[in-house]
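Quick note: residue numbers are just sequence positions, from 1. Because only heavy atoms are used, hydrogens play no part in the values below, and waters and symmetry mates are left out as well, while side chains stay in.
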Amino acid sequence: MNEVNLIEPLKKYFGFDTFKGDQEAIIRNLLAGNDSFVLMPTGGGKSLCYQLPSLIMDGTAIVISPLIALMKNQVDVINGLSEEDGMAHYINSSLNKSAIDLVKNDIKEGKTKLLYVAPESLTKDEYVDFLRSVKISFYAIDEAHCISEWGHDFRPEYRNIRPIINKIGRAPIIALTATATDKVRSDIKKSLGIVDADEFKSSFNRPNLYYEVRQKTSEEATNMQIVKFVKQHPGKSGIIYCLSRKKVEELAAILCANEIKAAPYHAGLDSATRSQTQDDFLMERIDVIVATIAFGMGIDKPDVRFVIHYDIPKSLEGYYQETGRAGRDGGEGLCIAFYSNKDLKKLEKFMENKTSAEQEIGRQLLQETAAYAESSVCRRKMLLHYFGEEYHQENCGNCDNCLHPKTKIEAQEPLLIVLTAVAALKENFKQDYLIDFVKGRGTDDIVSHKHNELECFGAGEDEDPKIWNPVIRQALIAGYLKKDVENYGLLKLTSAGKKFIKKPSSFQIVMDNEFNDTEEETAGEGHGGALDPALYKMLVDLRRDVAKKVNLPPYVVFMDVSLEQMATVYPVTIEELQNIQGVGAGKARKFGKPFIELIKRHCEENEIERPEDLRIRTVAKKSMLKVKIIQSIDRQMALDDIANAQGIDFDELLNEVDAIVYSGTKLNIDYFLEEVMDEDHIDDIYDYFLESETDDLKVAMKELGNEYEEDEVRLVRIKFLSEKAN
C-alpha cells in the first residue's frame with residue numbers, strides 16, 4: 001500500500017500538488033489498515049485525511065458527524081469533484097423514505113464512496129442491518145471531542161459509536177478533532193477502543209490570528225463597540241457568538257439597523273431559515289452572522305476575517321475552535337472576546353441543575369477560561385500551553401497583551417511560598433484552597449483539615465493579595481506546577497518545582513489585567529466615553545429651568561441617567577437624542593430642542609469631536625410580554641387580570657409597567673384606578689409627585705405616611721409619569 005501514488009488522485013480530485021503537514025502520513029496509515037487519532041487545528045485540512053482515502057479504497061467509508069449542516073456542506077463538495085452523482089451521501093433525520101432508498105441503491109451499486117451519518121441515525125436497527133451487508137472501507141469519527149465530557153461539546157450518543165461499529169463490522173477507525181487536551185484525547189481513544197492508534201498531532205499555533213480580550217461593560221457600550229468594529233471592517237466576513245438566542249436576535253437587529261448586512265442563526269430557527277442564512281453567508285449576500293455555538297462546525301469559508309465573542313465561552317476548547325474559523329486561508333483573522341466576571345457567575349448558575357461531577361468539570365473549564373481572559377501573559381502562549389504545546393517566544397506580536405506588554409515584577413518569594421504550600425498540603429488541593437491557605441484565611445474547610453496549624457499557613461499574608469493568581473498561572477506555564485485534570489484540578493509539583501524549592505532563582509511575572517465589573521454602573525461610562533462634567537452641570541441647570549417653565553419636577557423632564565449619557569455622547573439631533581436611555585420619541589420632541597442646541601453650542605465652542613458611536617442606531621427591545629401588557633391596557637383590562645393572564649404576580653406586572661412608562665410610552669390606567677382607589681387618595685399622591693424633587697418610592701412612602709398602600713403609590717406614579725413625562 002505504501003507504493004500508492006497519492007499525488008495523482010490529490011491533483012485529480014482536489015487540484016493540489018502537495019499535501020499539508022501530516023496529511024500524507026495520516027492517509028498512508030489508513031491505507032495500511034491502521035487506526036489513527038488525528039489532532040489538527042481548524043484550517044489544517046482535516047477533511048482531506050478521510051475524503052481522499054475513501055475515493056481510492058474499495059467499499060464505502062462511513063463518516064460519523066454531529067451536524068446536519070456540516071454533512072450537506074461536505075457532500076456538496078465531494079459530489080462537485082466528480083462528474084458522477086452519488087459519490088457522497090448523507091443519512092439523517094432531514095431525509096424522507098424515498099431519499100433514503102436512493103442513498104441505499106447508490107451504496108449497493110458501489111457508486112457511493114463516502115456516507116455521512118449522524119450518530120443518532122447510526123443507532124437505528126434498519127441502518128445497522130443495511131450497513132452489515134456493505135463493504136466498509138473505514139470509519140471516520142469527525143468532531144471526536146464530542147465523545148468526552150471534558151470536551152466543549154459533549155454528546156452522549158457519541159459514547160455508543162464503538163458498540164455499533166462492532167455490530168456493523170470491523171474496519172480501521174480514524175478519529176479527528178480540532179481541539180483536545182490530554183484528558184480529552186485519552187477519553188476519545190478509550191471510548192472508541194483505539195488506545196493503540198497511531199497519533200498525529202499538528203501544532204495548535206495559528207500565527208495569523210490576533211487575540212484580544214476587552215472589558216465588557218454595559219450592554220449598550222458593548223453593542224456600540226461591536227457596531228463600530230464591524231463598520232471599521234466594511235464588506236469583511238465575520239461571525240459574532242452569543243450565549244443566548246435572545247441576544248443573537250437583538251444584536252442581529254441592531255447590526256441591520258446600522259446598515260450592516262447581518263442575520264441571526266440559532267437552533268430555535270427552522271431548518272429552512274438556517275440553511276438559507278448559511279448559504280447567504282457562504283455566497284457573501286450577508287457579511288456577518290450573529291450566532292449561538294449551533295453555527296460554524298465544518299463551515300468551509302476560508303476568508304472569515306473576524307470572530308467576536310459577545311459572551312466569554314464555557315471552555316477554552318470551545319473558544320479555540322470558534323476563533324479557529326477566522327483566517328483559515330492564512331490571511332487576517334481578528335479574534336475579539338468581551339469578558340466580565342459577571343458572565344462567569346451566570347455560567348456557573350446554569351450548571352446548578354447538573355450532577356456534582358458535571359458541575360466540577362464545568363467549573364474547572366470555566367476557571368481555565370477566566371485565567372486566559374484575565375492574564376497579562378501572551379494569549380498565544382496560554383492557549384498553546386492549555387493544549388499541551390510549548391511556545392518559546394517571549395512576544396508573539398499578534399495579541400493585545402504582547403502589543404501592550406506590562407512591566408514584569410520579581411516574584412521569586414511568592415513562587416517559593418506557593419510551591420512550599422503545595423508540598424505542605426501534600427499536593428492534594430486546588431488553586432482557590434491554596435490561595436486561602438497562603439493568605440492565612442482560616443476558612444471552615446482549612447480549619448476542618450487542621451491546615452491552619454501548619455507552619456507555612458499564612459506565609460504570604462504580607463504580599464499583595466492580587467499576586468497569587470498570576471503567580472500560580474504563570475508557574476503552570478513555566479512548568480513548576482502542573483494540574484491533575486482528572487482529579488478535580490489538584491495542584492502538583494513538577495521536578496522543576498521541587499528543584500526551585502531547594503534552589504530558588506529569579507521568577508518574573510506580569511500582574512493580571514483588572515476587569516472591574518462595577519464599571520458599567522459608573523456615571524456616563526455606559527457609552528464607552530467619559531462624562532463631560534462641565535456639560536453635565538449645564539444640562540442639569542437647563543433641566544431645572546425647563547422644569548420651572550412647565551411647572552414639573554426636573555426628573556419628569558429627563559432622568560439623571562439620561563443627562564449623564566447626553567454629557568458622554570453629545571447628541572445633537574432629535575434622532576440621536578432618542579438613542580439616549582429613558583428618552584422616547586415623544587419626550588425627545590417635547591423637551592429635546594433646547595438640550596440639543598446647548599450640546600451643539602458646547603461642542604463647537606470647545607472644539608469637541610463627537611464620538612463615532614453616536615451614529616449607532618439602537619433597536620427598541622419590545623419583548624412580547626411588554627407588547628401584551630400595552631395591548632391589554634389599551635383594551636382596558638383590569639391590571640390584576642393581566643398579571644394572571646401572563647402568569648406573573650402583581651408586583652412583577654407593576655415592574656413591567658414602570659419600565660414601559662419610564663422608556664417614554666404613554667399608558668392610560670385611569671379606568672383601573674377609578675375601580676380600585678379612592679379619588680382623594682389619587683389626587684393627594686398625584687400632587688405629591690407634582691411637587692417632589694424625586695420619584696423615589698421609598699422617599700414617597702416616608703413623606704406620604706401610613707395611610708397609603710405601596711401599590712397605590714406605584715399606580716399613581718405610573719399615571720403621573722404617563723401624563724406629565726411622556
Inset, instruction - Please examine the side chains of Leu114 and Thr112, heavy atoms only from C-beta on, and report whether any two atoms are closer than 4.5 Å. - result: no
Legend entry - Worked check of side chain to side chain donor-acceptor pair (under 3.5 Å) between Gln431 and Gln364: CA-CA 10 Å; Gln431 186 163 329; Gln364 274 194 65; over 6 Å; no
Inset, instruction - May I ask you to establish whether Lys301 and Phe281 are in a cation-pi arrangement, using a distance under 6.0 Å from NZ or CZ to the six-membered ring centre and at most 45° from the ring axis? - result: yes
Inset, instruction - List the atom of Thr292, the atom of Ala267, and the distance in Å for their closest heavy-atom pair. - result: OG1-N, 4.3 Å
Inset, instruction - Step through the shown structure and confirm whether more than 12 heavy atoms of other residues, nucleotides or ligands are within 6.0 Å of CZ on Arg285. - result: yes
Inset, instruction - Using a 4.5 Å cut-off on heavy atoms from C-beta on, say whether the side chain of Asp17 contacts that of Ile7. - result: no
Legend entry - Salt-bridge contact Asp329-Arg305 (side-chain N to carboxylate O under 4.0 Å): yes
Legend entry - Check: Tyr319 ring centroid to His309 ring centroid under 6.0 Å: yes
Inset, instruction - Assess whether atom NZ of Lys167 is packed by more than 12 heavy atoms of other residues, nucleotides or ligands within 6.0 Å. - result: no
Inset, instruction - For residues Asp287 and Lys236, determine if any side-chain heavy atom of one lies less than 4.5 Å from a side-chain heavy atom of the other. - result: no
Legend entry - Note, Lys12 side chain near Glu8 side chain (heavy atom, < 4.5 Å): no
Legend entry - Side-chain donor or acceptor of Ser54 paired with backbone N/O of Gln51 under 3.5 Å: yes
Legend entry - Carboxylate-amine/guanidinium contact Lys246 Glu250, below 4.0 Å: yes
Legend entry - ring pair (Phe, Tyr, Trp, His ring centres under 6.0 Å) partners of Phe229, counting only residues at least two apart: His233, Phe306
Inset, instruction - Kindly give the heavy-atom pair with the smallest separation between Met40 and Ile26, and that separation in Å. - result: CE-CD1, 3.8 Å
Inset, instruction - For the pair His266 (side chain) and Gly268 (backbone), establish whether a donor and an acceptor sit closer than 3.5 Å, ignoring hydrogens and angles. - result: yes
Inset, instruction - May I ask you to say whether Lys483 pairs ionically with Glu368, meaning some side-chain N is under 4.0 Å from a carboxylate O? - result: yes
Inset, instruction - Please tell me if the side chains of Met57 and Leu31 come closer than 4.5 Å, counting only heavy atoms from C-beta onward. - result: yes
Legend entry - Sidechain N-carboxylate O distance under 4.0 Å for Lys201, Asp22: no
Legend entry - Ring centers of Phe200, Phe37 separated by less than 6.0 Å: no
Legend entry - Nearest-0.5 Å distance, CE of residue Met283 to CD of residue Gln276: 11.0 Å
Inset, instruction - Count the heavy atoms belonging to other residues, nucleotides or ligands that lie under 6.0 Å from NZ of Lys314, then report whether that count exceeds 12. - result: no
Inset, instruction - Identify the heavy atoms of Gly397 and Cys402 that sit nearest to each other, and give their distance. - result: N-CB, 3.7 Å
Inset, instruction - Consider only side-chain N and O atoms of Glu317 and Tyr386, and report whether a donor and an acceptor are under 3.5 Å apart. - result: yes
Legend entry - Closest contact, heavy atoms only, Ile226 versus Leu255: CG2-CD2, 4.4 Å
Legend entry - By ring pair (Phe, Tyr, Trp, His ring centres under 6.0 Å) - contacts of Tyr50 (at least two apart): none
Legend entry - Salt bridge Glu199-Lys189, side-chain N to carboxylate O under 4.0 Å: yes
Inset, instruction - Answer whether the closest heavy-atom distance between the side chains of Glu249 and Leu269 falls below 4.5 Å. - result: yes
Legend entry - Asn166, CG atom: more than 12 neighbouring heavy atoms under 6.0 Å: yes
Legend entry - Distance under 6.0 Å and angle within 45° of ring axis: Arg214 vs Tyr339: no
Legend entry - Donor-acceptor contact below 3.5 Å, side chain His385 vs main chain Leu476: yes
Inset, instruction - State, to 0.1 Å, how close Ile136 and Ile62 come at their nearest heavy-atom pair, and which atoms those are. - result: CD1-CD1, 3.5 Å
Legend entry - Enclosure of Glu390 CD (heavy-atom neighbours >12, cutoff 6.0 Å): no
Legend entry - Check: Thr494 and Leu481 side chains under 4.5 Å, non-hydrogen atoms: no
Legend entry - Side chain Asn401, main chain Arg379, donor-acceptor under 3.5 Å: no
Legend entry - Distance, nearest 0.5 Å, that separates CD1 of Ile173 from CG of Leu30: 11.0 Å
Legend entry - From Arg28, Gln23, Lys11, residue fulfilling side-chain contact (heavy atoms from CB on, under 4.5 Å) relative to Leu6: Arg28
Inset, instruction - Scan for side-chain hydrogen bond (donor to acceptor under 3.5 Å, both in side chains) pairs involving residues 100-111, sequence neighbours excluded, and state none if there are none. - result: His89-Asp106, Lys97-Asp101
Legend entry - Check: Glu332 and Leu334 side chains under 4.5 Å, non-hydrogen atoms: yes
